[in-house]
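Atom set for the values below is all heavy atoms of this structure, side chains included, hydrogens, waters and symmetry mates excluded.
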Amino acid sequence: MADIRGGDAGVRQWLRGIEVFARPLPGFAPERAPAEPVALFLDWLAEAVAAGVPDPHAMTLSTVDASGDPDARVLLLKGVDGAGWQFAGHAFSPKGGQLACHPRAALTFYWPEHGRQVRVRGTVTAGSAQDSAADFLGRSATARAEALLGRQSQYLTDPAEQERALAKSLAMIEREPSLVDTAWTLYTLDPTEVEFWQAAESRVHTRLRYERCRGGWERFPLWS
């Protein structure tokens with residue numbers, strides 16, 4: 001392992017020496033991109049899945065809190081269609097509170113093996129109780145039990161307390177397998193912008209932004 005203890009300059013030099021994009025990467029011809037972004041996104045996602053990219057549906061969800069301070073975390077994509085990109089979470093979690101205060105967000109997908117990034121920005125709406133319940137019941141028993149505790153991101157002072165609470169919650173699910181946490185929410189991000197970025201070893205990257213207009217979508221190539 002490289003010795004990077006030479007101060008800030010040593011770290012900068014070490015980072016600059018790391019190779020990036022030095023591998024065969026897919027091409028991207030924006031002029032042949034489909035008229036709307038969902039089709040292109042699903043093509044790129046399917047190619048990542050076919051190539052064995054780990055966790056290809058993982059994404060970074062970025063929000064802001066009541067003070068306008070940014071926050072971000074990695075979630076799993078739950079679906080995408082003409083209505084937008086779907087993800088789920090607890091309404092009383094930090095992200096749930098932030099979305100209730102500022103119902104706008106950004107999603108970022110990155111598939112390093114292909115040097116591809118997709119950025120999505122737009123408004124976020126909460127799904128129906130029925131859709132949210134269906135998503136909740138599709139989770140594993142342990143994930144449901146954890147959600148039912150309603151304590152995500154709170155300070156943990158005693159791991160043994162967490163184990164006891166989780167065991168009690170799991171037992172409750174075993175008794176009532178159809179039990180649903182009504183605070184569990186399926187969210188949909190309705191995009192106003194979707195940007196596709198294809199890396200190149202030359203660093204002359206290819207970018208294409210879809211912007212929603214009154215009649216649908218417009219496409220704009222961007223400088224790299």
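Residues P56 and L45 are in side-chain contact: their nearest non-hydrogen atoms beyond the backbone lie under 4.5 Å apart. Between D135 and W184, some side-chain heavy-atom pair lies under the 4.5 Å cut-off. Between Q162 and E146 the shortest side-chain heavy-atom distance falls below 4.5 Å. The shortest distance between side-chain heavy atoms of L107 and L189 falls below 4.5 Å. Contact annotation: the side chain of L40 approaches that of P34 to within less than 4.5 Å [non-hydrogen atoms, C-beta and beyond]. At least one side-chain heavy atom of T142 sits under 4.5 Å from a side-chain heavy atom of L170. Side-chain atoms of S153 and F92, non-hydrogen and from C-beta on, never get closer than 4.5 Å to each other. Residues D69 and V64 form no side-chain contact, since every pair of their non-hydrogen atoms from C-beta on lies 4.5 Å or further apart.
Minimum heavy-atom separation, T206 to P30: CG2-CG, 3.5 Å. Between G127 and S132, the shortest heavy-atom contact is O-OG, 3.9 Å. Taking each heavy atom of D65 and S67 in turn, the nearest pair found is OD1-N, 2.9 Å. Across all non-hydrogen atoms, the minimal contact from A91 to T185 is CB-OG1, 3.8 Å. Closest approach of E218 and C213 over heavy atoms only: CG-SG, 3.6 Å. Nearest heavy atoms, F109 versus H57: CE2-O, 4.2 Å.
Distance alone, capped at 3.5 Å, places no donor-acceptor pair between the T188 side chain and the L186 backbone. Under the 3.5 Å distance criterion, the side-chain polar atoms of Q198 are matched with a main-chain donor or acceptor of H114. In this structure, R207 contributes its side chain and W223 its backbone to a donor-acceptor pair below 3.5 Å. Within the 3.5 Å criterion, the main-chain N or O of A58 finds no donor-acceptor partner in the side chain of D55. Here the side chain of E36 pairs a donor or acceptor atom with the backbone of V38 at under 3.5 angstrom. No side-chain donor-acceptor contact under 3.5 Å links R121 to the backbone of A105. Between the side chain of S169 and the backbone N or O of A145, at least one donor-acceptor pair lies under 3.5 Å.
In this structure, R116 forms no cation-pi arrangement with W111, as its terminal cationic atom is not both closer than 6.0 Å to the ring centre and no more than 45° off the ring axis.
The aromatic rings of Y187 and F87 lie parallel to each other, with less than 30° between the two planes, well short of the 60° mark. Using cut-offs of 30° and 60° for the angle between ring planes, the F196 and F28 rings count as tilted.
The cluster map of Ile, Leu, Val, Met, Phe, Trp and Tyr, joined by side-chain heavy atoms under 4.5 Å apart, puts Y110 and V80 in different clusters. W197 and V20 fall within the same hydrophobic cluster, where Ile, Leu, Val, Met, Phe, Trp and Tyr residues are linked whenever their side-chain heavy atoms come under 4.5 Å apart, directly or through other members. F136 and L149 are members of different hydrophobic clusters when ILVMFWY side chains are connected at heavy-atom separations under 4.5 Å. Y210 is not connected to L222 by any chain of hydrophobic side-chain contacts under 4.5 Å among Ile, Leu, Val, Met, Phe, Trp and Tyr, and they are in different clusters. L25 and V53 end up in different hydrophobic clusters when Ile, Leu, Val, Met, Phe, Trp and Tyr side chains are linked at under 4.5 Å.
Here Q86 contributes atom CD and L76 contributes atom CG; the two are 14.0 Å apart, rounded to the nearest 0.5 Å. With rounding to the nearest 0.5 angstrom, the OG1 atom of T108 is 9.0 Å from the CG atom of L61. Note that OG of S62 is 9.5 Å distant from CZ of R119, once rounded to the nearest 0.5 Å. Taking CZ of R32 as the start and CG of L208 as the end, the distance is 12.5 Å to the nearest 0.5 Å. Taking CG of L148 as the start and CD1 of I173 as the end, the distance is 5.0 Å to the nearest 0.5 Å. Rounding to the nearest 0.5 Å places CD of E113 at 13.0 Å from CD of E47.
The neighbour count for E19 CD, taken as heavy atoms of other residues, nucleotides or ligands under 6.0 Å away, does not exceed 12. Atom CD of Q154 sits in a crowded spot, with more than 12 heavy atoms from other residues, nucleotides or ligands closer than 6.0 Å.
A donor and an acceptor atom, one from each side chain of T63 and R104, are nowhere located under 3.5 Å apart.
Ion pairing between R144 and D181 fails under the 4.0 Å rule for side-chain N and carboxylate O.
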side-chain contact (heavy atoms from CB on, under 4.5 Å) between W85 and V194, intermediate numbers included: CA-CA 11 Å; W85 277 250; V194 185; 4.1 Å; yes

Derivation and outcome, side-chain contact (heavy atoms from CB on, under 4.5 Å), residues R209 and E193: CA-CA 7 Å; R209 179 185 294 160; E193 296 179 4; 4.1 Å; yes

Pair K95-D71, side-chain contact (heavy atoms from CB on, under 4.5 Å): steps then yes or no: CA-CA 8 Å; K95 61 179 169 293; D71 204 353; over 6 Å; no

E211/F220 under side-chain contact (heavy atoms from CB on, under 4.5 Å): CA gap, chis, key distance, verdict: CA-CA 8 Å; E211 296 181 7; F220 299 94; 3.6 Å; yes

